[in-house]
Amino acid sequence: MTRDKGDLIAGAVLAAFGIYVITVAAKLPYVSDVGPGHGFFPLWLGIGLVVFAAGLIFTSFTSSVNKAKSSSQSWNSTVRPLAGWLAVMVAVALLGKIGFALSFVILTVFLVVALDRRPIGLAVGIAVGLAVAFHLVFVVALDVPLPKAVWGF
Amino acid sequence: MDAFNSLLLGFSVALTPINLFWCLVGVLMGTVVGVLPGLGPAATIAMLLPLTLKMDHTTAIIALAGIFYGARYGGSTTSILLNIPGESSSVVTCLDGYQLARKGRAGAALGISAIASFVAGTIGVLGLMLIAPPLARFALRFAPPEYFALMVLGLVMVVFLAGESMVKALLAMFVGLWIATIGTDLFSGESRFTFGQAKLLGGVDFIAATVGIFAIAEVLVNLESRGAAELFKLAKGLRNLLPTLQDIKDCRFAFLNGSLIGFFVGALPGAGATVASFLSYGLEKAVSRHPEKFGTGVIEGVAAPEGANNADASGALVPLLTLGIPGGNTTAILLGGLILWGYRPGPLLIQEHPELFWGLVASMYVGNVLLLILNLPLVPLFAQILRLPYYVLYPLILGISIVGVYSVNNSLFDVWVMGLFGLLGYLMRKLEFPAAALILGMVLGDSLERALRQSLMMSQGDIAILVTRPISGVLLAIAALVLCLPLVRKVRYWRVEAIEREG
């Protein structure tokens, strides 16, 4: 993806989003008995979004070739961050089921082994060590309730 | 009784062993809760309020105020080291603080933050002592149109947060403003943009969004470069871990700017430390000789917002103690405490209970000294966290983020929100949208809409009310001037270019 393409897509997405905001806001009352209604502010926000998104689309056609090339390289390395993000979201999904400690251990082991290519023993050591540290600092010392599983942590 | 004699009375109260002890406990606890994202001073003070019922009231308010301004000190630590804002008012500190840490100057950033907080705290206390009553009366002249103008002035700071593209900064700000509209409209009680989710009725949690955009996105960006990712550099030797004399010299204006803006904005009920930190950062960048370096790790970019968010704590006590008006959550709880102990905060408080008011003022002097003594030696220790290898640091950041966000409302939904904002923050970084502009919109959106709608209600729909009142007119004129700044710079750049071409 080139920089101008990235900006073009971002501009198009934001313009579509602006239209969505306008559509929803238009259904809310613009004026109420006492003054502006709750559709008043979002409607103007939507209009602002569409106007500036159009500006971004326009400027995307004028950006330089050099910038386009450098940005195209920066999009080649998104696989690992997206895998990392998915792992975070899976860990969040597991929080309510298996508790913070175990889901954090799983997340850490995945990050260290799969994404950083470190030995599994080291990964487990880091994961368990950090999970214990979090438990001691937050649960024991500060009395912060963390999500727990049926086994109590 | 003149101010000097009153202050002597205050010191005689603040320096009693029991008050000194509770001041130390307060600032220590405040620093700890400030470091941890999510655990804010408001929640901590609320938790500890019942314990203070058996204490002497002056001792109690000294301890609780210590937590309040101690938290402002601590909030910078994770912002600088891990790009995790401990408090919403520490968001701006991330911009240059974290970049300084990446350059191996974490110690200098932490040190300057402690010094800025000390200077600002001291100036704030001086302000509280000398100009509290007139300032409180001035703050009362702020009606919705003036608040609207102040929020607009805050929003135009986006000019200084924009990188190469002003359009992208404005778009990010508009998205932030839209996010602030999510939830229940306080005027009509109707919901907006909640996508059928009852959990969104209260709006998007600010800490969840901020931690996602800054901390999670930072981890994701760094995951791109396996193997090539270097550990953070960290200077060796104690001397190199602290700010240099040149750093302090460079921050002279930032200390003053942060202190004054923080104190005055703090004195306005509802404005808050976050607004103050954005305003002081914007002003610092506007007057800087090298504005283009802001955001890449400039020491003044840490000093100004850190000073502002600390001076705000003193400023916030002005309307609380002199008018009985709380400016935010924390001062509202402090007000509850004062009423619970039998005081009536208002214009007569200083005359009726001088030992309470002046004891608190003097304890804040003492507390600021204690914080400096506590924090400067801790700087090298805190900075050691950056020696951790990436494969330890990233799980640590993710763990702190999850725990911090969850602990705000004990809500898993907020953790989901954090994750989604993490992806948004990552995409914004890739597409070069300034994340701070989105945060600015989120922070100010609610207040801006409320002030605008109240203004239009006052004037029965006549928008001229925003420009015809003197204070709001002046603030809006300043905002318009600030908005024109990039244009002026561009014209100057074109002129220089044209002259060079001709030459």
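Below, each value reflects all heavy atoms present in this structure, side chains not excepted, and no hydrogens, waters or symmetry copies. Residue numbers start from 1 in every chain, and the chains themselves are labelled A, B, ... in the order their sequence lines are given, proteins ahead of strands.
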B/Gly419 backbone acceptor or donor facing A/Trp85 side chain under 3.5 Å: yes
Any side-chain heavy-atom pair of A/Pro147 and B/Leu412 under 4.5 Å: yes
For the candidates A/Gly35, A/Pro36, A/Ser32, which exhibits the highest count of non-hydrogen atom pairs separated by less than 4.5 Å from chain B? A/Pro36
I need the residue from A/Leu95, A/Val112, A/Leu49, A/Leu122 with the largest number of non-hydrogen atom pairs under 4.5 Å to chain B. A/Leu49
Interchain contact, B/Phe187 with chain A, by part (heavy-atom threshold 4.5 Å): neither
Heavy-atom check, side chain of A/Phe100 versus side chain of B/Tyr406, under 4.5 Å: no
Given a strict heavy-atom distance threshold of 4.5 Å, which part of B/Ile402 is in contact with chain A: side chain, backbone, both, or neither? side chain
Quick check on the structure: residues of residues 452-459 of chain B within a heavy-atom distance below 4.5 Å of chain A, by number. B/Leu452, B/Arg453, B/Leu456, B/Met457
Side-chain heavy-atom pair A/Met89, B/Leu423 within 4.5 angstrom cut-off: no
Might you confirm whether atom CH2 of B/Trp416 has over 12 heavy atoms from other residues, nucleotides or ligands at distances under 6.0 Å? yes
Side-chain touch B/Glu224/A/Val79, heavy atoms, less than 4.5 angstrom: no
Which of parallel (below 30°), tilted (30 to 60°) and perpendicular (above 60°) describes A/Phe52 and B/Phe174? tilted
Give, as side chain, backbone, both or neither, the part of A/Leu146 having an atom under 4.5 angstrom from any heavy atom of chain B. both
Counting only heavy atoms closer than 4.5 Å, note whether A/Ala127 contacts chain B via side chain, backbone, both or neither. neither
Greatest number of non-hydrogen atom pairs under 4.5 angstrom with chain B, of A/Val51, A/Val88, A/Thr108, A/Leu82, falls to A/Thr108
Counting heavy-atom pairs under 4.5 Å with chain B, the top scorer among A/Ala123, A/Pro29, A/Ala93 is A/Ala93
Among A/Leu14, A/Leu107, A/Leu111, residue most engaged with chain B (heavy-atom pairs, under 4.5 Å): A/Leu14
Among A/Asp33, A/Val31, A/Val34, residue most engaged with chain B (heavy-atom pairs, under 4.5 Å): A/Val34
Enclosure of B/Leu201 CG (heavy-atom neighbours >12, cutoff 6.0 Å): yes
Out of B/Leu396, B/Leu171, B/Val167, which one racks up the most heavy-atom pairs below 4.5 Å with chain A? B/Leu171
What part of B/Val175 lies closer than 4.5 angstrom to a heavy atom of chain A: side chain, backbone, both or neither? both
Looking at CE of B/Met166 and OG1 of A/Thr59, how far apart are the two atoms once the value is rounded to the nearest 0.5 Å? 13.0 Å
Decide side-chain contact (heavy atoms from CB on, under 4.5 Å) for A/Thr78 and B/Tyr426; before the verdict, give the C-alpha distance in whole Å, the side-chain angles of both, and the deciding distance to 0.1 Å. CA-CA 10 Å; A/Thr78 51; B/Tyr426 174 68; 3.2 Å; yes
Heavy atoms only: give me the nearest A/Gly84-B/Leu223 pair and the separation to one decimal. CA-CD1, 3.9 Å
Donor-acceptor under 3.5 Å (B/Arg192 side chain, A/His38 main chain): yes
Where do A/Phe138 and B/Val403 come nearest, in terms of heavy atoms and distance? CD2-CG1, 3.3 Å
If you count the non-hydrogen atoms of other residues, nucleotides and ligands that lie under 6.0 Å from OH in A/Tyr20, is the total more than 12? yes
Between the NZ atom in B/Lys168 and the CG atom in A/Asp7, the distance rounded to the nearest 0.5 Å is 3.5 Å
For the atom pair CG (B/Leu431) and CG (A/Leu56), what is the distance rounded to the nearest 0.5 Å? 9.0 Å
